[in-house]
There are 2 protein chains.
Amino acid sequence: MATTGGAGRPEKRKAITRAATAVFGREGYVRASMDAIAAEAGVSKRTVYNHFADKETLFLSVALRNSAELADGIRELMAKHLDKVVDLRRGLVDFAVERAHTVLAAGDHGALGRAIRAEVANIPADVLEAWLEAGPVATRRDLAAHFEALAGRGLLTEADPELAAEQFTLLTFQGIAERSFWGAVPMAGAEVERTAERGVDAFLRLHGAPAAG
Amino acid sequence: MATTGGAGRPEKRKAITRAATAVFGREGYVRASMDAIAAEAGVSKRTVYNHFADKETLFLSVALRNSAELADGIRELMAKHLDKVVDLRRGLVDFAVERAHTVLAAGDHGALGRAIRAEVANIPADVLEAWLEAGPVATRRDLAAHFEALAGRGLLTEADPELAAEQFTLLTFQGIAERSFWGAVPMAGAEVERTAERGVDAFLRLHGAPAAG
DNA sequence: CCTTCTCAAAACCGTCCGGTGTAGTTTTCT
DNA sequence: AGAAAACTACACCGGACGGTTTTGAGAAGG
């Protein structure tokens with residue numbers, strides 16, 4: 001990415017990216033100050049500018065990395081819950097619940113997603129494209145592949161796995177994301193589970209194999 | 001609301017709220033400047049502060065009004081497309097398409113919704129509650145009422161109209177909103193229609209009356 | 001012990017913003 | 001007509017921010 005070469009000590013760079021993720025996530029792009037990021041990283045502001053050309057570059061770099069990491073985490077959840085599933089409904093519900101908690105946990109990951117969505121009008125089109133590709137699009141594609149595999153095992157109908165992935169996300173996740181404003185407003189764990197269950201039930205009525213439905 | 005009494009000339013106040021809606025929608029809360037709002041309203045900055053105590057008060061006031069207006073607009077669309085519907089699928093699709101265009105049109109309405117979602121972490125809980133109640137919650141409730149009426153006419157199954165309204169919104173609207181980042185990134189009209197049609201089809205498989213499904 | 005070099009801490013600069021004060025002008029109401 | 005209320009224009013303040021320059025601490029080398 002458009003960083004300032006690979007200059008500087010790697011551990012300082014790591015600290016900066018970690019701090020930037022936290023501060024951008026907490027404050028949003030405009031409110032976050034480079035002073036705050038430097039302070040949270042335990043590093044001088046000059047060092048930040050030694051590693052990253054400017055504020056925007058730092059933000060976009062961190063956003064892209066975060067998006068990929070999040071997609072990786074969700075991919076692991078898919079493998080964990082859907083690869084050798086025996087109880088399909090149980091597996092889908094567990095996946096949906098853990099996914100929601102992963103993305104919306106105030107901790108590190110989800111908060112930055114909020115900042116990106118807030119700033120999307122000011123992000124260059126090609127960077128936004130890359131962010132989508134590394135994150136949401138990749139997740140949808142991975143989920144579609146899993147659904148296709150499940151269809152091959154006779155657990156789902158196999159027409160249009162992409163559509164199934166999209167509708168699964170809508171029914172089990174998007175409502176939670178919207179209601180909690182992508183993690184900004186906490187949401188009771190019980191409600192997450194209830195929403196996931198109702199969403200999975202609806203999903204299975206749409207795409208479940210008649211035998212297993 | 002927490003404005004400065006009813007002071008000031010009404011037409012000036014109107015111009016200020018209109019300008020504030022536009023500027024906040026275009027720039028977001030933090031980037032928007034009171035100077036820009038005053039300039040766009042064709043009013044001196046002092047007059048803005050004569051009508052509204054400070055920037056936050058102005059924003060929240062405008063946000064609340066916008067939320068209510070948007071809900072009203074959607075309510076009208078429901079009446080237009082769902083009240084005396086003969087072809088249910090056609091009515092639902094038309095409603096979904098027009099709703100998406102209404103909410104996501106870059107013009108006036110949807111843009112401010114983006115700003116609110118971006119700023120939600122900095123909005124007082126009670127004001128957020130009021131915003132939700134005037135906007136999304138009211139819309140969901142109205143939609144549920146329409147679905148209940150449609151169930152009474154034998155066009156939908158009548159179990160849990162609230163859930164039906166939630167899932168209709170998810171399947172026909174939320175995906176469009178997410179993909180277009182609530183209107184920040186334009187979306188082809190054809191894709192809106194395609195998404196609405198597929199969403200309605202799924203919705204009818206979940207909640208359509210067996211006879212009409 | 002003294003010089004030299006490197007890199008980060010801290011001070012600094014120009015700019016912009018939210019908000020206020022003031023003095024004078026226009027509108028509205030009686 | 002005249003007073004009261006509202007608006008305009010403009011300068012100003014304190015503070016924050018992005019980014020740059022200066023300063024100082026400490027290691028390396030003689």
Side-chain angles (χ1 to χ4, degrees), chain A residues 1-63 115 118-119 122-124, chain B residues 1-63 115 118-119 121-124 127:
Chain A
M1 220 17 50
T3 69
T4 307
R9 302 204 211 299
E11 76 271 16
K12 298 280 181 181
R13 187 186 189 87
K14 189 90 175 179
I16 293 167
T17 56
R18 196 198 319 274
T21 303
V23 175
F24 281 133
R26 200 164 58 228
E27 311 277 352
Y29 176 76
V30 186
R31 280 187 161 88
S33 79
M34 296 296 269
D35 290 273
I37 292 171
E40 182 137 339
V43 143
S44 99
K45 197 158 63 154
R46 192 65 189 81
T47 303
V48 176
Y49 280 99
N50 190 28
H51 283 264
F52 298 92
D54 53 26
K55 188 184 184 183
E56 185 180 343
T57 301
L58 174 57
F59 178 70
L60 296 177
S61 165
V62 166
E119 209 60 26
N122 303 101
I123 293 180
Chain B
M1 219 18 49
T3 68
T4 307
R9 299 203 216 295
E11 76 272 16
K12 298 283 178 181
R13 173 176 275 258
K14 189 93 176 176
I16 293 168
T17 56
R18 195 200 318 274
T21 304
V23 175
F24 280 133
R26 201 166 54 228
E27 310 278 351
Y29 177 76
V30 185
R31 280 184 160 86
S33 79
M34 295 297 268
D35 290 275
I37 292 171
E40 183 138 340
V43 145
S44 97
K45 191 160 69 156
R46 209 65 184 77
T47 301
V48 175
Y49 281 99
N50 189 30
H51 283 264
F52 298 91
D54 53 24
K55 189 183 182 182
E56 185 180 343
T57 300
L58 174 58
F59 178 69
L60 296 178
S61 165
V62 165
E119 209 59 25
N122 303 101
I123 293 180
V127 179

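Every chain is numbered from 1 and lettered A, B, ... according to where its sequence line falls, protein lines coming before strand lines. Note that the structure is a prediction, hence the values are computed from the model and not measured.
- An OP1 or OP2 oxygen of D:dC7 is reached within less than 4.0 angstrom by a side-chain nitrogen or oxygen of B:H51.
- Side-chain contact annotation: B:T57 with B:D54, donor-acceptor N/O pair under 3.5 Å present.
- Contact between the side-chain N/O atoms of A:S44 and the OP1/OP2 oxygens of C:dA8 is not found at any separation under 4.0 Å.
- Proximity of A:T47 to the phosphate of C:dA8: a side-chain N or O atom is located under 4.0 Å from OP1 or OP2.
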List the atom pairs, with distances to 0.1 Å, where a side-chain N or O of residues 32-41 of chain A and a protein N or O form a donor-acceptor pair under 3.5 Å, not counting sequence neighbours.
from	atom 1	to	atom 2	distance (Å)
A:S33	OG	A:A36	N	3.0
A:D35	OD2	A:K45	NZ	3.4
A:E40	OE1	A:R26	NH2	3.0

*Under 4.0 Å protein heavy-atom contacts per nucleotide of nucleotides 15-30 of chain C, with B for base, S for backbone only and - for none*: ---BBBBB----S---

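- For the pair A:N50 CG and C:dT6 C1', the interatomic distance rounds to 11 Å; values are reported in whole Å.
- Partners of A:P124 according to the side chain to side chain contact (heavy atoms under 4.5 Å, CB included) rule, which considers only residues two or more places apart in sequence or in another chain, are A:E56, A:L60, A:D126, A:V127.
- Between A:F24 and A:F59, the ring planes are perpendicular. Angles over 60° get that label, and only those under 30° would be called parallel.
- Shown here are the side chain to side chain donor-acceptor pair (under 3.5 Å) partners of B:T17, two or more places apart in sequence or in another chain: there are none.
- Scanning for side chain to side chain donor-acceptor pair (under 3.5 Å) contacts around A:R46 gives an empty result, with sequence neighbours left out.
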